[in-house]
Amino acid sequence: MQFYDTLFLFVFLPIFMGIYAWLSPKRRPALISLANLLFIALNGYLGLIVFFVSFFVTYFSGVLIYNYRLDERKRTRQKLLVLINILIGIIVLLFFSSPQRITLSFLRPFSMLGALVMPLHTISYLVDVYRGDKPAQTRVTVLMAYLGFFPSITCGLVLKYKSFSESFDAPNVTREKLSSGIRLYTVSLASYVVIGVRLNDICDEIIATSVSSLSGGVMWLCALAFYVCFCVNVVTYLGMAHGISLMLGFAMKPCVKRIFRTDNLRDRIRGLNRPLFSWFKDYAYKPIFNKDKRLSFAAVIVSICLMALWYRCAADSLCVGILAALFILFQSVTKSHFPRISKTVKCVVTKLMIIALVMMYIFLAFIRSGSLELSSLASTSGDDFLSYLLSTSALALLFGLIIIDPIVPMLLKKLNRRWLQIVMPAAEFLLIMISAAFMINA
């Protein structure tokens, strides 16, 4: 069951939210835990076994780490427990990271997304306890609700424990959170089922098509299709997860920051998935850097590469991550040595870097899929394929660009609030009906 299924939209969500509203805040973590187990169980008993093993190891490790905090002689045991749990998380991740077919789509099987998120939640919880930022959680339902939070394991929303521990203790649902959550979920759902699914099909078709040679136009269109598809999927998935989280009473900052004009590749990467970037900054970059300037370059490279592997555990993602890290380091060095460079020049350079990253991934994906041979790059044919792509993908790409562009949200903010309060409920109802029609027909 996914957030874009009719079963979730018309059966699970109304029943769950009705019971959730009836329960007191202290009892809501138990209901979230049951929902977590349901989502995991519906996708295979193996995931349920892995989750229970990981949960009990994490629970007792957290208690031991917290109890060892006052004894300096047991500091080594604390570190050992954290390292053991990190190793378990890596094993879980590798276990579920079975080789998949070549695809440009962000989408992964449910078990893969769950395996990606749960180790990060485990590390966040244990490291926060180890650092003394938060005490060990003794309520089983609260810790289970956090580790397997179903909006996170379904859509890849990563939450830091120290930022949400109080919310998980007693989630507080307000009218403002509920209305904002419904609006964000319906808009993200409609964007995904109407535009995102079509973009996924386009990208998968591009990679699956055997092309003896590619023209420059085809490569540029492929790069645009992949970039828009990737951004739309990240934006809509995080939007659905953020919307459901708000409906459950978890207030958080926007997961995506749409930037119209940026002069920094780091800001562009951070704006695409702010929770993930913040997690790697706190639990990967800072421990490596540790205020030692000599290790800052290594910390950047390791953090960006790990983030790239989180999206897709493959060699091509690692190559793109290394190149992105080198670009970020280059911009950092030039900023300190050439402070008078205009912002326009920096923006152009940043966009060229993004194009280089996308083209590199496209090229590696074609090579891996066998659709492109190195000897065919000198040829300039492929015009028929270009015409076909333009005719089938132009409209989807146009709407995809609108989804990821900041202009529409900026315009909505400037409109009259009272007018929006009248129009938005009708618009949300219409979006739900359109989404349901697409989900049923698909």
Inset, instruction - Over 60° means perpendicular and under 30° means parallel, so classify the ring planes of W279 and Y283, tilted if in between. - result: tilted
Inset, instruction - Would you confirm whether S33, through its side chain, and P29, through its main-chain N or O, come within 3.5 Å as a donor-acceptor pair? - result: yes
Inset, instruction - Give a yes or no on whether F330 atom CZ has more than 12 heavy-atom contacts from other residues, nucleotides or ligands under 6.0 Å away. - result: no
Inset, instruction - Measure the acute angle between the ring planes of F16 and F150, then classify it against the limits of 30° and 60° as parallel, tilted or perpendicular. - result: perpendicular
Inset, instruction - Check whether any side-chain heavy atom of R274 lies under 4.5 Å from a side-chain heavy atom of C255, and answer yes or no. - result: no
Legend entry - L126 side chain near I65 side chain, heavy-atom distance below 4.5 Å: yes
Inset, instruction - Return the orientation label for the H121 and Y146 ring planes: parallel under 30°, perpendicular over 60°, tilted otherwise. - result: parallel
Inset, instruction - Answer yes or no: is there a side-chain heavy-atom contact under 4.5 Å between I32 and F250? - result: yes
Inset, instruction - Could you check if a side-chain atom of S167 sits within less than 4.5 angstrom of a side-chain atom of D169, using non-hydrogen atoms only? - result: no
Legend entry - Pair K281-S303, side-chain donor/acceptor within less than 3.5 Å: no
Legend entry - side-chain contact (heavy atoms from CB on, under 4.5 Å) partner of F168, chosen from L159, L248, T141: L159
Inset, instruction - Answer yes or no: is there a side-chain heavy-atom contact under 4.5 Å between L357 and F327? - result: yes
Legend entry - Pairwise side-chain contact, V158 with N273, heavy-atom cut-off 4.5 Å (strictly under): no
Inset, instruction - Mind running salt bridge (charged side-chain N to carboxylate O under 4.0 Å, His left out) on D282 and K162 for me, showing each step along the way? - result: CA-CA 11 Å; D282 279 0; K162 61 183 178 182; 3.5 Å; yes
Legend entry - Pair Y125 + Y59: ring centers closer than 6.0 Å: no
Legend entry - Passing option when Y237 is tested against Y192, F3, Y185 for ring-ring contact (aromatic ring centres under 6.0 Å, His included): Y192
Inset, instruction - Keeping the roles fixed (side chain from K177, backbone from N172), state whether a donor-acceptor pair exists under 3.5 Å. - result: yes
Inset, instruction - Compute whether any side-chain donor of one residue and acceptor of the other, for N85 and S61, lie under 3.5 angstrom apart. - result: yes
Legend entry - Pairwise side-chain contact, I15 with V11, heavy-atom cut-off 4.5 Å (strictly under): yes
Legend entry - Expected output: side-chain Q331 to main-chain L265 donor-acceptor under 3.5 Å: yes
Inset, instruction - Taking the side chain as every heavy atom from C-beta outward, state whether K160 and S278 have any pair of such atoms under 4.5 Å apart. - result: yes
Legend entry - F51 backbone acceptor or donor facing S54 side chain under 3.5 Å: no
